[in-house]
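A short worksheet on the structure shown next.
Any value given below was found using the heavy atoms of this structure, including those in side chains, with hydrogens, waters and symmetry copies removed.
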Amino acid sequence: MKIIGRLRDYYNRVMDLPDAPTKVALGAALGVAFDFLPIPIISIPIAYMVARVVGGNGLAGALTAAFFKWAVPFFYILNVATGNLLLGFKLPEDTVTVAALGTPDLWIAQLAELGLPFLVGAAVNATLAWLALYFVVRRLLLLRHSRKGIKRDEMKC
């Protein structure tokens with residue numbers, strides 16, 4: 001129940017931000033998109049700054065980037081799988097074994113081998129995640145505002 005409570009708390013924090021739905025949706029979508037890219041810890045301030053620069057809500061970007069840090073390992077695996085699928089590469093059979101039991105020299109060799117598929121997959125997945133989250137969050141915010149009776153001219157646009 002703790003995870004559901006945290007998810008609900010995060011959802012309410014983002015949805016209650018006092019800004020236009022398009023700005024909050026843009027910031028939230030950028031936060032998730034930056035978690036797909038290979039910029040581990042600094043994606044939070046980068047999501048904040050980029051969201052502010054492009055006219056989105058910076059706080060929504062930072063909150064979303066921070067919240068989805070737990071999913072970054074899954075995002076990276078998805079990046080490699082997407083890149084391999086798009087580029088037609090086939091992963092060696094012992095990739096997981098080398099990652100778990102190998103030496104640092106083998107890890108570096110594996111990372112170099114996965115570099116291009118990872119970057120292609122990261123670009124594609126970040127774009128798709130941005131598009132999906134932007135439209136979903138925007139629609140949820142518009143529904144939430146209409147349910148609460150907030151008129152369009154009362155929102156900061």
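Applying the salt bridge (Lys or Arg N to Asp or Glu O under 4.0 Å) definition to pairs two or more places apart or across chains, none involves residues 118-128.
We find the CG-CZ distance between L133 and R138 to be 13.5 Å, quoted to the nearest 0.5 Å. Going from atom CG of D35 over to atom CG of N125 covers 12.5 Å, rounded to the nearest 0.5 Å.
Under the 4.5 Å side-chain criterion, counting only non-hydrogen atoms from C-beta, V32 is not in contact with F67. By the 4.5 Å heavy-atom criterion applied to side chains, W130 and L26 are counted as neighbours. Residues V120 and T82 have side chains not in contact (no heavy-atom distance under 4.5 Å, counting atoms from C-beta outward). No side-chain heavy atom of R139 sits under 4.5 Å from any side-chain heavy atom of P21. Counting heavy atoms from C-beta outward, L30 and F34 have side chains that approach closer than 4.5 Å. A 4.5 Å side-chain heavy-atom check between K69 and I44 finds at least one atom pair inside the cut-off. Between P117 and N79 the shortest side-chain heavy-atom distance does not fall below 4.5 Å.
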N/O donor-acceptor pairs under 3.5 Å from side chains in residues 71-78, not counting sequence neighbours:
{"unit_1": "Y76", "atom_1": "OH", "unit_2": "L37", "atom_2": "O", "d": "3.2"}

Could you pull out all donor-acceptor pairs under 3.5 Å where a side-chain atom in residues 50-61 meets a protein atom, sequence neighbours excluded?
{"unit_1": "N57", "atom_1": "OD1", "unit_2": "L59", "atom_2": "N", "d": "3.0"}
{"unit_1": "N57", "atom_1": "OD1", "unit_2": "A60", "atom_2": "N", "d": "3.0"}
{"unit_1": "N57", "atom_1": "ND2", "unit_2": "D19", "atom_2": "OD2", "d": "3.1"}

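Here the shortest heavy-atom pairing between Y134 and A29 reads N-CB, 3.7 Å. The shortest heavy-atom contact between A62 and Y48 is CB-CB, 4.1 Å.
Follow the hydrophobic side-chain contacts under 4.5 Å out from F68 and you reach V136 in the same cluster.
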